[in-house]
Amino acid sequence: MTRPYEPHAIEEKWQSVWDAEGLYSVTEDPDRPKKYVLEMFPYPSGDIHMGHVRNYSIGDVVARYFTMRGYSVLHPIGWDAFGLPAENAAIKSGTHPAKWTYANIDKQAASFKRMGFSYDWGRTVKSCDVDYYRWGQWVFLKFWERGLVERKKSPVNWCPSCKTVLANEQVIGDGVCWRCKSTVEKRDLEQWYFKITEYSQELLDDLDTLPGWPERVKTMQANWIGRSEGAEVDFTLCDEAGQPTERTITVFTTRPDTLFGCTFFLLAPEHPLVRELTAGTEHDAGVRAVVAAAARETAVERASGEAEKLGAFTGRYVVNPVNGEKVPVWVSNYVLMEYGTGAVMAVPSGDQRDFEFARKYGLPIPPVVVAADDPLLEELEGMRGRHLLDVPWDQAYDGPGVMVQSGDFTRLPGGKNSEGMRAVTEWLSVRGQGRFSINFRLRDWLISRQRYWGNPIPAIHCPECGLVPVPADQLPVVLPMEVDITKGETLADHPEFYETSCPKCAGPARRETDTMDTFTCSSWYYFRYCDARNDGAIWDPAKVGYWMPVDQYIGGIEHAILHLLYSRFFTKVFRDMGLTSAAEPFTNLLTQGMVKKDGETMSKSRGNVVAPEDMVARFGADALRAFILFMAPPDKDLEWNQEGLEGMFRFLTRVWRYVSEVTEAPAGGGAIDAAAARALRRERHRVVGKVSADIERFGFNTALSAMMELLNAAGDYRRADGDARDGVLEREVAETLTLLIAPYAPHMAEELWREVLGKTGSVHREPWPAFDPALAAADEVEIAVQVNGKVRGKLTIAADAGEDAMREAALGLERVQEHLAGLAVRKVVVVPGKLVSIVAG
RNA sequence: GCCCGGGUGGCGGAAUUGGCAGACGCGGAGGUCUCAAAAACCUCUGGCCGAAAGGUCGUGCGGGUUCGAUUCCCGCCCCGGGCACCA
């Protein structure tokens, strides 16, 4: 009698054996090729959810597969342990964030171990450990040395619920906080920045070096970086009397070819010049009204483009460098201070926003670039000066076309990246009134946070010396534990923390009390895994040289910009510091889909959470792991379905029974060359080939389907050959199934391998099964015979049959003849191994 | 508005290079075993017509290319996501 499949005893047994054997700890092995398989740094929220199970099951299959393929595989885990939920929990329950966080880590680690993931636990990092965050402070100081740290005052995003500022990347959707979804506000504050914009061009260009990333993610990053080619143009400012002065205001434009159509000039409401130009004039009141209205607009309204365009004339003019024309300067809410120079040359015939503004305020709209088929082209043919002051259009035209009313540039091609655009910029450049320019949408990364549970920024404010970095030999700046979070305290409430002396002049000084964005912690953890216990340096470059870059990174699409962009930035700086030779951190990226129930994401508030622990308790970790991979391709969202999990449990039970029965009561050496045995052997080879290829392209669902097919074929064989079965073949199939399923159901496979099949050593150290494509190929194939595009017959023929033989056999089929009756065969298409298609009429 | 995904049986999904649409699983129906049930095993399971053989329709919709289209091209519809006053 074979033992029943009882997952719990098996799983917990092997988890402790693997632990004791150190099965998953790795070191650099120069004799073997390496793979670095990594899943995104989890936040220790306590309970694991199905999203974790999916994310880490994918990584575990990939890691185990590469190990069996002979690679030296690094597969680590750790915790992104700083952050607000710990503080919020503390405020609610009175538990210190550290206590809450470490308790959650222990709970989550236990859950991960119960799932049987093959982590090298000896490399674990927790970002709230001083051994980890001290190196984050070290990185901050190095960035500072390299001129990549800046403290400046500017309008910033403030989340009223999280009570802290946010980086631009952390404001998502309709102007809401990425974490709590509250609407963010704008505040003018002095904050710390990492100058990620120094790397804008490289961050954009190197996306092309990442063929292993989803196109979608690369597009999102490229859009976020937002490179625009164009020109800077200097406009001379006129005084109150309208006379040109020495002062200029520079604008960025992507359309210098439309400069002849500029009929007004705009400043952002926040532009510093606005006050200066209008203070004490008759225009002051009107301009103030626009500035005040803009200030009242929420980020949502401002960003949505739906706010009504408001404007006020400042009473002043600038001179258009191409035609010497005086152009009125207005203030408008649709000009953003954060982009370009905060000033815009308005060309209403070529820009829809300027067009709407011009129509509203009665400003002229002279055409300057018209489409080749526009009747205006003929009307204005050859006219270099301005004849037509308004267009008969109901919207602006921004496509390619021909320049009109444009002085010496008239008749040149206009539009983005046009000859006209280059010619005008060149002309300006020669006269020193403009230049080619590239502008990025990406802004510097705001990294300071006004919260307690984070990595303290190692800086000191000295009234004499200004901003002074904490000397490297005084690191770490330890986050003090004696803080009463329930009162909402931060480091700024603790004089014993912030009262210090200046490292330069030794005078009394104030320590910085902001902490770093937690995204700084997750920007380099994958480097630290390579040398996690190093207490003399952030890491040994030789170890990083062996493991980095990460070969396969797996995580959620929600980090398409945030974490993935920051990590790319950190890696490039580390490369420039000589700490790594990698230019990019993650060679291949898999973004897994969400796990849903009833069409919605699982969440406590919806009450539709299916707890992984409950499923493990009922069906075991192996069934859950295999099933979550079987349900859908990994990058797609999937809908939870419990009956399916039961089906997977049944499949594992069938594998268990098959391997047990074949091993314990083997059939004799039967009809080895019987057709049924040949078919089973062929199926074994075919399935090994398919499972291998499927894993490499992340087709875990189809890989499992193929294993089911092999088991079905094995069952067919048992029935077909009865007692005359080939016991050697069946044993081979049983071993193959055990090896193939090992990455998915590691505990069951181990029990079958060591205890049932009686092998020594772990199945997870075994080489991946080999297959022979020649044996996988069928010697006979069934092909379809079509008459006029419809299948009218089937034909079983030797797989290597020639075209003539196939044609003859096809035409000879009775049913084919019936359908050909009265018709003349015009053409016969033969696809060897596939089909014969007969065209008749 | 712009840019990506996606739309295939009752359900999840498969079809890797243009070659038999629906693999595999779930669910359903019938059967074997059993006093009975569960479990396990077997058979069937896209719609319509038909007793069957077979026929016919069928991969969001409409066209096209092709001997042949889920796959390629053109034009739409719907769903999901991202970006959006970026000059």
Side-chain angles (χ1 to χ4, degrees), chain A residues 4 172-174 214-220 222-224 226-228 230 251-255 258 266 268 301-309 332-336 338-347 350-354 356-357 398 439-442 557-558 560-561 599 627 630-633 635-648 650-651 653-654 657 690 693-694 697 699 701-709 711-712 715 719 782-795 815 818 826-831 833-841:
Chain A
I172 57 165
D174 300 323
E215 219 46 52
R216 186 156 73 113
V217 174
K218 288 190 280 187
T219 305
M220 284 167 74
N223 289 343
W224 186 261
R227 183 183 193 271
S228 297
V251 297
F252 173 77
T253 177
T254 55
R255 294 294 304 280
T258 63
L266 294 163
E301 289 164 343
R302 188 79 183 260
S304 69
E306 280 154 19
E308 196 190 341
K309 290 177 178 50
S332 177
N333 59 339
Y334 78 90
V335 180
L336 305 173
E338 305 92 78
Y339 186 78
T341 62
V344 168
M345 60 172 240
V347 181
D351 182 287
Q352 186 58 26
R353 295 156 299 172
D354 298 345
E356 288 165 20
F357 191 86
D398 63 2
N439 213 352
F440 291 94
R441 204 187 81 108
L442 181 68
I557 187 76
E558 67 273 17
I561 294 169
F627 178 59
F630 178 69
M631 288 174 88
D635 56 332
K636 286 200 181 159
D637 288 354
L638 64 77
E639 176 70 25
W640 179 256
N641 163 285
Q642 176 139 343
E643 283 84 32
L645 175 58
E646 291 166 22
M648 180 56 69
R650 275 198 294 273
F651 169 64
T653 306
R654 289 175 61 211
R657 252 198 339 259
K690 174 151 178 66
D694 282 355
R697 64 173 186 90
N701 54 336
T702 50
L704 281 157
S705 294
M707 292 179 226
M708 291 171 182
E709 285 169 335
L711 184 65
N712 290 344
R719 282 188 297 282
E782 190 184 57
I783 63 163
V785 181
Q786 295 181 347
V787 177
N788 288 337
K790 289 187 176 170
V791 179
R792 298 300 186 188
K794 299 278 174 83
L795 187 57
R815 284 202 44 229
E818 285 168 19
R826 296 187 194 283
K827 187 176 172 184
V828 180
V829 180
V830 180
V831 183
K834 300 277 187 189
L835 57 57
V836 176
S837 181
I838 300 163
V839 190

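The sequence lines fix the lettering, A, B, ..., with proteins before strands; numbering per chain opens at 1.
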* Same-atom distance (C1') from B:C3 to B:G10, integer angstrom -> 36 Å
* Asked: In whole Å, what separates the P atom of B:U70 from that of B:C61?
  -> 11 Å
* Asked: Which value, in whole Å, describes the distance between the P atoms of nucleotides B:G7 and B:C72?
  -> 12 Å
* Asked: RNA chain B in dot-bracket, Watson-Crick or G-U pairs under 3.5 Å, [ ] crossing, | other strand?
  -> (((((((..(((......[....)))((((((.......))))))((((....))))..(((((..]....))))))))))))....
Would you tabulate the nitrogen or oxygen pairs shorter than 3.5 Å linking the protein to nucleotides 27-31 of chain B?
from  : atom 1 : to     : atom 2 : distance (Å)
B:G27 : OP2    : A:R650 : NH2    : 3.4

* **Qualifying residues under salt bridge (Lys or Arg N to Asp or Glu O under 4.0 Å), relative to A:E782, sequence neighbours excluded** => none
* Asked: Among B:G25, B:C67, B:A87, which is the nearest nucleotide to the side chain of A:R654?
  -> B:G25
* So what does A:R441 hit on the nucleic acid, given a heavy-atom distance under 4.0 Å: a base, only sugar-phosphate, or nothing? -> base
* Structure fact -> With B for base contact, S for sugar-phosphate-only contact and - for none (protein heavy atoms under 4.0 Å), nucleotides 13-23 of chain B reads SSSB--BB--B
* Using ring pair (Phe, Tyr, Trp, His ring centres under 6.0 Å) as the criterion, list what pairs up with A:W224, not counting sequence neighbours. => none
* Asked: A:V344: what forms a side-chain contact (heavy atoms from CB on, under 4.5 Å) with it, not counting sequence neighbours?
  -> A:L266, A:V335
* Structure fact -> Separation of B:G5 atom C1' from A:D635 atom CG, nearest Å, is 10 Å
